Number of protein chains: 2
Amino acid sequence: MSHEQINPYVSVDCVVLGFDGRQLNVLLVRQREEGTDENSTGYYKLPGSLIYMHETLDEAAQRVLRQLTGLSQVNLYQFYAFGALNRLDNQRDRVWLEHFHRLEKSLERIVSVGYFSLIRINRTMLQLDKGYEACWMPLSDLPQLAFDHNDIISKAMEKIAGVVEAMPEIVFSLLPRKFTASQLFYAYSATTGKTMDIRNFHKKLHTMPFVVPLEEKQKDVNHRAARLYRFDRRLLVP
Amino acid sequence: MSHEQINPYVSVDCVVLGFDGRQLNVLLVRQREEGTDENSTGYYKLPGSLIYMHETLDEAAQRVLRQLTGLSQVNLYQFYAFGALNRLDNQRDRVWLEHFHRLEKSLERIVSVGYFSLIRINRTMLQLDKGYEACWMPLSDLPQLAFDHNDIISKAMEKIAGVVEAMPEIVFSLLPRKFTASQLFYAYSATTGKTMDIRNFHKKLHTMPFVVPLEEKQKDVNHRAARLYRFDRRLLVP
DNA sequence: GCAAAAGTGTTAGAAGTACACCCATGA
DNA sequence: TCATGGGTGTACTTCTAACACTTTTGC
C-alpha cells in the first residue's frame with residue numbers, strides 16, 4: 001500500500017510528559033526484538049518511528065504515538081529536528097530499526113523531528129494498555145535510552161520551559177479537571193525548573209480569574225484536605 | 001564524491017533577517033533557470049537547498065547560505081521543520097529543483113528544516129556580492145515567493161519574537177558596533193512586534209549596564225545628532 | 001498528640017506604564 | 001524659521017521577593 005511506504009530518512013520522536021500530581025514522567029516503549037523473551041531486560045526508547053512517504057510530520061507523530069502506546073488525540077508540539085551524523089552509530093539500535101521496519105537496504109543518517117506533549121496521568125493511564133510495551137519512567141531517574149533519546153528529552157525540557165513561560169495555561173493540560181493548588185504548583189515548578197515561594201504562589205493564584213476555586217475538597221488524604229480548583233479557558237483573555 | 005551525495009528528502013531553508021537601522025529585510029535569492037536572461041523577472045526564494053548525506057542540518061544551513069549568498073559565519077538558529085505534503089505542488093518549483101540538482105528521479109515530499117539569523121546590513125552587505133543573485137527585500141513588502149517560503153518566513157517571525165523575549169541580547173546582532181538608541185528601539189520593535197513608549201525605552205536603556213553610552217555622536221544627519229552606544233557582552237550576566 | 005500537608009499577610013524594592021514638551025541640527 | 005528626529009521626568013500601579021506560623025485531618 002503506497003500510503004504506507006516508509007521514508008527511510010525522516011523520523012519523528014515523541015516526548016510525552018505525564019504528570020502524576022507530584023512529578024513528571026516520560027512515556028517510554030521497549031526496544032525489544034520480536035521473539036525475545038517478554039521478560040528480557042532490553043532497552044527503552046521514546047515512542048518514535050520513520051515516517052511514511054504520504055503523511056505530514058504532525059500526522060506521523062500522532063500515528064506513531066497511537067501505534068506504540070495507544071494514546072490518541074494528544075496535543076503534540078514540534079520542538080526540534082535532530083540531524084547529527086552519529087544518530088545510528090550504535091549497532092544495536094541500527095539492527096533493531098532495520099528489523100523493525102523490515103528494510104532491505106541499510107539505513108543512512110536519519111533526521112528525527114521531535115514533538116512533545118504534556119498530559120496528566122490518571123488511573124487508567126497509569127496502567128497503560130497491556131497490548132503495548134509502554135511505561136512511565138520518572139524524568140528525574142531515567143536510564144540510558146536507545147539512540148540519542150536522552151539528548152532529545154533534554155532538548156525537549158529546555159524548549160518546554162520556554163513554552164510554559166510564554167503560554168502558562170499549557171500547564172493545565174498536566175492536571176485533572178479538578179486539582180489542588182499544590183498540584184498546580186508542582187506542575188509549574190517541574191516544567192519551568194524554577195522554584196518559587198508557596199505563599200507567593202497562592203497570592204498569584206488569587207489574581208488568576210481563570211483558576212476557579214470550588215467548594216469541593218480533597219478526600220481520602222491523611223492530612224488536612226486541600227481545596228480543589230478548576231481551569232476555565234473562557235476566562236483566560238480578558 | 002560521496003561527500004556530496006544529495007539526500008533528496010531533507011532540505012534546509014534560511015530566513016536571514018538584515019536590519020538597516022530602521023526595518024527588517026529578508027535575504028532572498030533568484031529562482032532562475034540556467035540560461036535564462038539575466039533580466040528575466042522570475043521568482044524569489046529563501047536561500048535553501050537539499051542537504052548532503054554526510055552533513056548535519058547545521059552544517060547544511062551554513063553551507064547553503066555560503067554557496068547561495070556568500071555569507072559565512074553567521075549565527076543560525078533552527079526554528080521549525082516543515083513537512084506538509086503539498087510543498088512541491090507548484091510544478092514550476094518542482095521542475096526548477098530537479099534541474100538545479102540534476103536529479104534523475106522525480107522528487108517526493110521534502111521535509112525542510114528552517115533556520116533563522118539576525119544580522120546587520122552594512123554598506124558592504126547592502127550591495128551583496130555580484131557573484132550571487134541575492135538581494136534584500138523589506139519584510140513588510142514581500143512578493144509571493146517560491147515553495148511555501150512565505151509561510152516559512154511567517155513562522156520564523158513568530159519564533160523570533162519568542163527568542164528575543166527570552167534572550168533580548170540577540171537584538172544586538174542586528175546592530176553595528178556603534179548604534180543609536182533609536183536603532184536599538186526599532187530593532188526591538190521589529191523583532192518582537194511590540195510597540196513601546198520611547199521615553200520608557202530610554203529609561204530602560206539606562207538600567208542596562210551592558211549598553212554602554214559613548215561620547216561619540218552621529219555625524220552627517222540633518223537633525224540633532226544622536227548619542228552612540230555600544231554593546232558589551234561581558235557586562236551581561238551580573 | 002503527632003505527623004503531614006494546607007493555608008495565610010506584610011513590607012520593601014523593582015519594574016512597568018502613562019503621559020507632553022523642549023532641544024539641536026542642517027537645509 | 002522650519003522640519004526632523006533627539007532627548008528628558010514624574011506619579012502611579014503592578015509585580016516580585018523575602019519571610020514563619022497556625023490550621024486541619026487521620027492515625
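In the text below, chain A, chain B and the rest are named by the order of the sequence lines, each starting its count at 1. Please read all numbers here as calculations on a predicted model, not as lab measurements.
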Length of the [atom1]-[atom2] vector between [X] and [N], whole Å:
{"X": "A:H206", "N": "C:dG9", "atom1": "NE2", "atom2": "P", "result": "8 Å"}
{"X": "A:N222", "N": "C:dA5", "atom1": "CG", "atom2": "C1'", "result": "9 Å"}
{"X": "B:K194", "N": "C:dA18", "atom1": "NZ", "atom2": "C1'", "result": "17 Å"}
{"X": "B:D220", "N": "C:dA27", "atom1": "CG", "atom2": "C1'", "result": "14 Å"}
{"X": "B:F201", "N": "C:dG16", "atom1": "CZ", "atom2": "P", "result": "12 Å"}
{"X": "A:K217", "N": "C:dA5", "atom1": "NZ", "atom2": "P", "result": "17 Å"}
{"X": "B:L205", "N": "D:dG7", "atom1": "CG", "atom2": "P", "result": "10 Å"}
{"X": "A:F185", "N": "C:dA5", "atom1": "CZ", "atom2": "P", "result": "14 Å"}

Could you pull out the protein-nucleic contacts involving nucleotides 20-24 of chain C (nitrogen or oxygen on both sides, under 3.5 Å)?
from: C:dA20; atom 1: N6; to: B:R199; atom 2: NE; distance (Å): 3.4
from: C:dC23; atom 1: O2; to: B:R224; atom 2: NH1; distance (Å): 3.3
from: C:dA24; atom 1: N3; to: B:R224; atom 2: N; distance (Å): 3.4

Next on the checklist: Please compare A:D197 and A:A226 by the position of their nearest nucleotide in DNA chain C and report the one closer to 5'.
Outcome noted: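 Whichever sits nearer the 5' end wins; that is A:A226.
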Checklist entry - From the list D:dC27, D:dG7, C:dG7, which nucleotide is the closest neighbour of the side chain of B:H202? => result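 Nearest listed nucleotide: D:dG7.
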Checklist entry - Quick one: side chain to side chain donor-acceptor pair (under 3.5 Å) partners of A:K217, sequence neighbours excluded? => result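 Applying side chain to side chain donor-acceptor pair (under 3.5 Å) to A:K217 gives none.
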Item to check | Heavy-atom side-chain proximity of A:P213 to A:R227 below 4.5 angstrom | outcome: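 Counting from C-beta outward, A:P213 and A:R227 do come under 4.5 Å.
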Next on the checklist: Within the 4.0 Å heavy-atom criterion, would you say B:S182 contacts the bases, only the backbone, or no part of the nucleic acid?
Outcome noted: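 If one applies the 4.0 Å heavy-atom cut-off, B:S182 turns out to touch the sugar-phosphate alone, with no base involved.
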Who pairs with [X] by side chain to side chain contact (heavy atoms under 4.5 Å, CB included), at least two apart in sequence or on another chain?
{"X": "B:R199", "result": "B:D197"}
{"X": "A:R22", "result": "A:D20, A:Y186"}
{"X": "A:E169", "result": "A:M167, A:F172, A:F231, A:R233, A:L236"}

Measure up the [X] and [Y] rings against each other and bin them: parallel (under 30°), tilted (30 to 60°), perpendicular (over 60°).
{"X": "B:W96", "Y": "B:F147", "result": "perpendicular"}
{"X": "B:F185", "Y": "B:F201", "result": "perpendicular"}
{"X": "A:H206", "Y": "A:H202", "result": "tilted"}

Using nucleotides 10-16 of chain D, report all nitrogen or oxygen pairs with the protein that are shorter than 3.5 Å.
from: D:dT10; atom 1: O4; to: B:K203; atom 2: NZ; distance (Å): 3.1

Next on the checklist: We want to know whether B:S112 and B:D13 form a side-chain donor-acceptor pair, criterion being a heavy-atom distance below 3.5 angstrom.
Outcome noted: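 The criterion, which ignores hydrogens and geometry beyond distance, is satisfied for B:D13 and B:S112.
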